[in-house]
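Data first, discussion second: the structure below is written as structure tokens.
In each ligand, atom 1 is the first atom listed, and ligand 1 is the first ligand listed. The shown structure was predicted, so the numbers you read here are calculated from the model rather than taken from an experiment. Any value given below was found using the heavy atoms of this structure, including those in side chains, with hydrogens, waters and symmetry copies removed.
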Amino acid sequence: MALVPVTDLLERAEAGGYAVGAFNCNNMEIVQAIIAAAEAENAPVIMQASQGAIKYAGIDYIVAMARLAAENTHVPVALHLDHGTSFEQVIQCIRAGFSSVMIDGSKLPLRENIALTRRVLDAARAVGVSVEAELGKIGGTEDDITVSERDAFFTDPEEAGVFVNETGVDSLAVAIGTAHGQYKGTPELDFPRLEKIKSIVKIPIVLHGSSGVPDEAIIEAIRLGVRKVNIDTNIREAFVAASRQVLDANPREIDPRKVLGPAREAATGIIREKIRIFGSSGKA
Ligand code: G3H
Ligand code: 13P
Ligand code: ZN
């Protein structure tokens with residue numbers, strides 16, 4: 001099958017009350033792990049490329065791997081740009097073959113974020129590519145911010161209503177207490193805020209920074225309208241831990257396949273677990 005737009009997958013998820021996993025990929029082994037997990041679970045899946053992935057692997061390699069993966073499987077696969085930084089980068093990715101993009105204007109004032117998102121939408125719509133935007137600031141666990149600063153970064157439900165009305169964007173990433181990377185403690189999600197946002201905004205909601213969020217909290221967020229759940233850190237942890245285990249047990253190992261093979265298997269395992277938690281098992 002060809003790569004499909006994220007919207008196709010999220011519309012079905014909305015109707016079925018589940019979420020689709022969006023897994024960050026940086027190399028061939030992770031692409032293969034994502035597909036192996038989706039096939040084993042018979043689940044739709046989103047592969048996404050971050051800014052770091054684009055720097056590391058390059059846009060063309062990412063597209064080539066994702067296309068090949070999609071063509072050789074029966075499960076629906078989307079390739080999504082994660083945290084797109086500019087109109088120019090979005091266009092580059094669309095031209096290269098991405099089926100979906102995120103434009104992250106969350107650092108901009110509301111009006112500028114709306115204007116940038118609209119510009120991206122105009123271009124993406126013309127070629128059948130879906131668009132995710134971000135409102136509120138999600139940030140990283142390494143950002144040293146106080147609780148009151150954190151609350152100030154949360155997505156304002158009324159603003160979300162204005163943003164979605166004026167842009168017509170396909171899905172919206174919200175800041176409700178998650179952060180990218182490894183958490184120091186247990187993240188507390190602002191469920192009343194999510195519920196308010198979802199009562200105003202009728203499009204699929206995206207949860208970033210989902211690694212390390214307790215399963216019950218993810219399940220509750222999905223019940224309240226999250227339809228795309230982003231996972232990167234948990235894949236990195238599983239991949240590197242398995243590589244480390246091989247090297248610790250056999251410090252003289254020189255065959256990369258002996259290191260990366262178990263890493264790929266470990267990544268497959270954690271992705272399968274996530275797919276089950278998100279409720280998208282069997283939904284291919
Ligand atoms: O956006 C979130 C990613 O987990 C960070 O990715 O370090 O590959 O740019 P990166
Ligand atoms: P984690 O690395 O915290 O899972 O976040 C992934 C993400 O949100 C990518 O956009
Ligand atoms: Zn993110």
Side-chain angles (χ1 to χ4, degrees), residues 6 10 19-31 33-34 37 45-59 61-62 65-66 78-86 89-90 93 98 100-107 113 130-143 145 150 153-155 169 171-189 194 204-215 217-218 221-222 226-241 266-267 270-271 273-275 277-278:
V6 164
L10 300 192
V20 182
F23 302 103
N24 285 74
C25 60
N26 289 281
N27 61 14
M28 181 192 76
E29 284 76 11
I30 296 176
V31 168
I34 296 168
V45 77
I46 300 163
M47 283 192 202
Q48 54 187 16
S50 66
Q51 298 306 306
I54 288 173
K55 270 197 212 110
Y56 178 75
I59 290 179
Y61 268 91
I62 291 166
M65 289 190 291
L79 176 62
H80 179 74
L81 168 65
D82 192 24
H83 296 282
T85 49
S86 66
Q89 183 182 56
V90 161
C93 287
F98 279 63
S100 179
V101 293
M102 173 181 188
I103 180 69
D104 183 354
S106 61
K107 291 188 184 70
N113 190 358
S130 53
V131 179
E132 172 185 335
E134 178 173 325
L135 190 67
K137 292 190 185 72
I138 296 163
T141 47
E142 70 287 358
D143 301 341
I145 53 169
R150 199 182 78 124
F153 291 159
F154 280 5
T155 306
V169 74
S171 61
L172 186 69
V174 295
I176 55 163
T178 59
H180 297 104
Q182 285 181 317
Y183 291 98
K184 289 177 198 109
T186 305
E188 298 263 337
L189 271 57
L194 174 59
I205 301 296
V206 181
L207 194 66
H208 284 242
S210 308
S211 297
V213 177
D215 296 350
I218 294 280
I222 294 171
V226 164
R227 297 291 167 246
K228 173 175 178 277
V229 181
N230 288 7
I231 298 283
D232 188 355
T233 298
N234 283 157
I235 302 176
R236 297 177 183 203
E237 289 166 343
F239 196 90
V240 173
I270 187 72
I271 296 167
E273 269 177 45
K274 297 293 172 185
I275 288 174
I277 293 162
F278 303 161

[atom1]/[X] to [atom2]/[Y] distance, rounded to the nearest 0.5 angstrom?
X      : Y      : atom1 : atom2 : result
Asp82  : Asn24  : CG    : CG    : 5.0 Å
Asn230 : Leu207 : CG    : CG    : 7.5 Å
Lys137 : Asp104 : NZ    : CG    : 10.5 Å

Under the 3.5 angstrom rule, does the side chain of [X] hit a backbone N or O of [Y] as a donor-acceptor pair?
X      : Y      : value
Ser100 : His80  : no
Asn113 : Glu134 : yes
Arg227 : Val206 : no

Quick one, Val229 with Lys274, criterion side-chain contact (heavy atoms from CB on, under 4.5 Å). Give me CA distance, side-chain angles, the key distance, then yes/no.
CA-CA 9 Å; Val229 181; Lys274 297 293 172 185; over 6 Å; no

Please tabulate, one line per pair, the protein N or O atoms found under 3.5 Å from any N or O atom of ligand 2, giving the distance to one decimal.
{"unit_1": "ligand 2", "atom_1": "2 (O)", "unit_2": "Thr233", "atom_2": "N", "d": "2.9"}
{"unit_1": "ligand 2", "atom_1": "2 (O)", "unit_2": "Thr233", "atom_2": "OG1", "d": "2.6"}
{"unit_1": "ligand 2", "atom_1": "3 (O)", "unit_2": "Gly181", "atom_2": "N", "d": "3.1"}
{"unit_1": "ligand 2", "atom_1": "4 (O)", "unit_2": "Ser211", "atom_2": "N", "d": "3.3"}
{"unit_1": "ligand 2", "atom_1": "4 (O)", "unit_2": "Ser211", "atom_2": "OG", "d": "2.5"}
{"unit_1": "ligand 2", "atom_1": "4 (O)", "unit_2": "Asp232", "atom_2": "N", "d": "2.9"}
{"unit_1": "ligand 2", "atom_1": "4 (O)", "unit_2": "Thr233", "atom_2": "N", "d": "3.4"}
{"unit_1": "ligand 2", "atom_1": "5 (O)", "unit_2": "Gly209", "atom_2": "N", "d": "3.3"}
{"unit_1": "ligand 2", "atom_1": "8 (O)", "unit_2": "His180", "atom_2": "NE2", "d": "3.1"}
{"unit_1": "ligand 2", "atom_1": "8 (O)", "unit_2": "His208", "atom_2": "ND1", "d": "3.3"}
{"unit_1": "ligand 2", "atom_1": "8 (O)", "unit_2": "Gly209", "atom_2": "N", "d": "2.9"}
{"unit_1": "ligand 2", "atom_1": "10 (O)", "unit_2": "Asp82", "atom_2": "OD1", "d": "2.9"}
{"unit_1": "ligand 2", "atom_1": "10 (O)", "unit_2": "Asp82", "atom_2": "OD2", "d": "2.7"}
{"unit_1": "ligand 2", "atom_1": "10 (O)", "unit_2": "His83", "atom_2": "NE2", "d": "3.2"}
{"unit_1": "ligand 2", "atom_1": "10 (O)", "unit_2": "His208", "atom_2": "ND1", "d": "3.1"}
{"unit_1": "ligand 2", "atom_1": "10 (O)", "unit_2": "Asn230", "atom_2": "ND2", "d": "3.2"}

Is there a side-chain contact (heavy atoms from CB on, under 4.5 Å) between Phe98 and Ile62? Walk through the geometry before answering.
CA-CA 9 Å; Phe98 279 63; Ile62 291 166; 4.2 Å; yes

Would a 4.5 Å heavy-atom cut-off, applied to side chains only, mark [X] and [Y] as touching?
X      : Y      : result
Cys93  : Ile54  : yes
Leu79  : Met47  : yes
Phe23  : Ile270 : no
Thr233 : His180 : no

[atom] [closest protein heavy-atom partner, distance rounded to 0.1 Å]:
atom                   : answer
atom 9 (O) of ligand 1 : Gly52 N, 2.9 Å
atom 2 (C) of ligand 1 : His180 CD2, 3.6 Å
atom 1 (O) of ligand 1 : His83 CD2, 3.1 Å

Once you measure the plane-to-plane angle for His208 and His83, does it fall in the parallel (<30°), tilted (30-60°) or perpendicular (>60°) bin?
perpendicular

Which of the numbered atoms in ligand 1 are under 4.0 angstrom from any heavy atom belonging to Ser50?
6 (O), 8 (O), 9 (O), 10 (P)

Looking only at heavy atoms, is any part of Asp82 under 4.0 Å from ligand 1, and if so is it the side chain, the backbone, or both, or is it neither?
side chain

Total protein N/O/S atoms sitting under 2.8 Å from the Zn ion (ligand 3), waters ignored, is 3

Is ligand 1 less than 4.0 angstrom away from at least one heavy atom of Arg236?
yes

Check: Asp232 N/O within less than 3.5 Å of ligand 1 N/O
yes

